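Just so it is clear, the model here is predicted, and its values are computed rather than measured. One-based numbering, in listed order, for ligands and for the atoms of each.
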Amino acid sequence: MCGIVGFVGEGNAKEVVIEGLKRLEYRGYDSAGIALNIDNRIEVRKHVGEIVNLEKLISDEDFDSNIGIGHTRWATHGAPSDINAHPHVNSDSTVAVVHNGIIENFVELREMLQKDYGIVFRSETDSEVIAHLIGIYNKGDLLDAVYKATSKMRGAYAIAAISSDDPDRIVAVRKDAPLVAGIGKGCNFIASDIPALLKYVREVYLIENDETVVLDKNSIVIYDDNRKVVDRDVFHVTWDSDAAEKEGYEHFMLKEIYEQPKGISDTLHRRIDENGEIKLDGIDISKEELEGLSRIYIVACGTAYHAGLVGKTVIEKYAKIPVEVDVASEFRYRDPFVDDRTLFIAISQSGETLDTLAALREAKRKGARVLSIVNVVGSSVARESDDVFYTWAGPEIAVASTKAYTTQLVCLYLLALYMGRQRGIVDDDTLSRVVSELEALPDKIEYILTKEKDIENIARKIYKNNNVFYIGRGLDCAVAYEGSLKLKEISYINSFAIAAGELKHGTIALMEPGTLVISLATQEKLYEKMISNIVEVQARGAFILGISKVNTKEIEKHADEVIYIPHCIDDVVPVLSVIPLQILAYHIARLRGCNIDKPKNLAKSVTVE
Ligand code: AGP
């Protein structure tokens, strides 16, 4: 997500803002910018890429200013570019704004501003409408102008604004996106996150939702949405900057596990319309095109590939189109059968995985239509696809993918339902049932997260195992692969996933007393067969950790430990059953003293063959 920093008072605004932006780099971004009030005119400098590019841009400019705002952008609307970077200004550059979040009604606001005020937009962003809105209401009182502007806006946002007509104040607003105000001496700060301020202050006001804050060099005043002044206790920050970047979590991986409810809500948001129909961000695949497809390929690597395994099942079930799933490094070298009746779906969190990119290029060369499911806006995979369906997981910092996986699954469910509806296969009841199951997922994940301590206690019993088996059937098998990868890549344990029905074809020879077998038994239609497989390995002395739905208790008779997940339909279980496996892998790795966020030999994005 984007980063915001603002400063006003005695000091060098340029230096303070740039330093603050650097402290927010960990959040992930693709461009950065700064706006300063220099002798009562707003100067804006912004640059795509890293903050160091921005620093070079302004290095020889003698920007002596005591008020400014800055921004690191994580692109949502409009690819990463200089012009799309923040801050954005109004037409006569008397107002500058930085924004974190999404303005849902920006299209209608943009049209209104163009039609009624003749505004000429410079960027592709939703954020630019904010600068113009404040600009048209700005009569010298920035607070009043901001109130009027935000009353027209819908969505989730944190903004900070400065104006040359009101040169001594920063006005900022919080609505569903974080904002803190730093209390200085002869100066004050605003930021989207505490780390940006820690070099200068340790006393902050945590701004709450629907609050507006006005800063000048001597005061910070917080107003509620009725413009009434709010009293707020000072929060004294005891964290060091490293801990603050993780918002108090010990590791990014744990923070990102806990961000999954929001990531899924954001990914679902605005993709289910008021009639419960699926909307794919302007992606249109007609009934005729779908009828004309000979096959769909889902191609990816690692965790994204495991999401593809789930995607195959749900697309074939709801859209009745044959789906082949392949790891990208194999696909590109097996001279795959691809033609213009092929839909190629690439899945990639980073959008920069070379194997996936190369496979995509191979499919395009052979005539396929390419749709990608990507988390990083404007990444190479996104740019080279015919259609992009973004996961809104936000930046994923930990090497071990968690929230990207679950939001990829949600995108695949939406895609399967959309194609099924286009083909007239998914009826109204099925659509509303599955959609309501998807919409219930964030709360159910929140419930599972409350069981972290129980899962940690189980981890304490098993973390010394050096060989671990994950078994499952159907969608449980797909999740077994993902659970196994999570464990192996952060704890360095030799873990192995296999279809439970395959055990008897060789692997069961490895079972010995005490062998740890993590058994996923959530698919109700396969439950009895899974119990049989569990009995098979239990008979050979295995230690069984079961993952099961709360309404299926038979497993307790055979498992040494069971982690229950809330009930849901079999098809969407993977989004829930993976959560305990993520938490388990995290705590096992933690107990083994591993480097959880940056495991040895691994990179967050594998941009080499
Ligand atoms: C997942 O935890 C791993 N970090 C790795 O398998 C990853 O999923 C794979 O490299 C693909 O990355 P991508 O989604 O960015 O393409």
Taking [atom] as the reference point, the nearest protein heavy atom with its distance:
atom	result
atom 14 (O) of ligand 1	Gln349 N, 2.7 Å
atom 10 (O) of ligand 1	Val606 CG2, 4.0 Å
atom 2 (O) of ligand 1	Glu489 OE2, 2.4 Å
atom 15 (O) of ligand 1	Ser350 OG, 2.7 Å
atom 8 (O) of ligand 1	Thr303 N, 3.1 Å
atom 6 (O) of ligand 1	Gly302 CA, 3.2 Å
atom 4 (N) of ligand 1	Val399 O, 2.7 Å
atom 11 (C) of ligand 1	Cys301 O, 3.5 Å

Does Glu352 have a non-hydrogen atom less than 4.0 Å from ligand 1?
no
Judging by distance only, is a nitrogen or oxygen of [X] under 3.5 angstrom from one on ligand 1?
X	value
Gly351	no
Ser401	yes
Ser348	yes

Donor + acceptor pair across side chains of Asn100, Arg73 (<3.5 Å)
no
Is it the case that Lys549 places NZ or CZ above or below the six-membered ring of Tyr564, under 6.0 angstrom from the centre and within 45 degrees of the axis?
no
Could you check whether the rings of Tyr258 and Tyr249 sit parallel, tilted or perpendicular, using 30° and 60° as the cut-offs?
tilted
Does the plane of the ring in His86 sit parallel, tilted or perpendicular to the ring in His99? Use 30° and 60° as the thresholds.
parallel
Tell me, please, which residues at least two apart from Tyr390 pass ring-ring contact (aromatic ring centres under 6.0 Å, His included).
Trp392
With a 4.0 Å cut-off, would you call Asp570 and Lys317 a salt bridge?
no
Lys46 with Asp82: basic N within carboxylate O range, under 4.0 Å
no
Option of least heavy-atom distance to atom 16 (O) of ligand 1 (set: Thr353, Ile347, Thr402)
Thr353
Can you name the closest pair of heavy atoms from Ala158 and Ile4 and give their distance?
O-CD1, 3.2 Å
What do you reckon, is OH of Tyr492 surrounded by more than 12 foreign heavy atoms closer than 6.0 Å?
yes
Walk me through whether Glu362 and Arg365 qualify under salt bridge (charged side-chain N to carboxylate O under 4.0 Å, His left out).
CA-CA 5 Å; Glu362 171 77 358; Arg365 187 179 63 78; 3.2 Å; yes
Proximity of Leu485 to ligand 1 by residue part, where a heavy atom lies under 4.0 Å:
side chain
Sub-4.0 Å atoms of ligand 1 with respect to non-hydrogen atoms of Ala400:
2 (O)
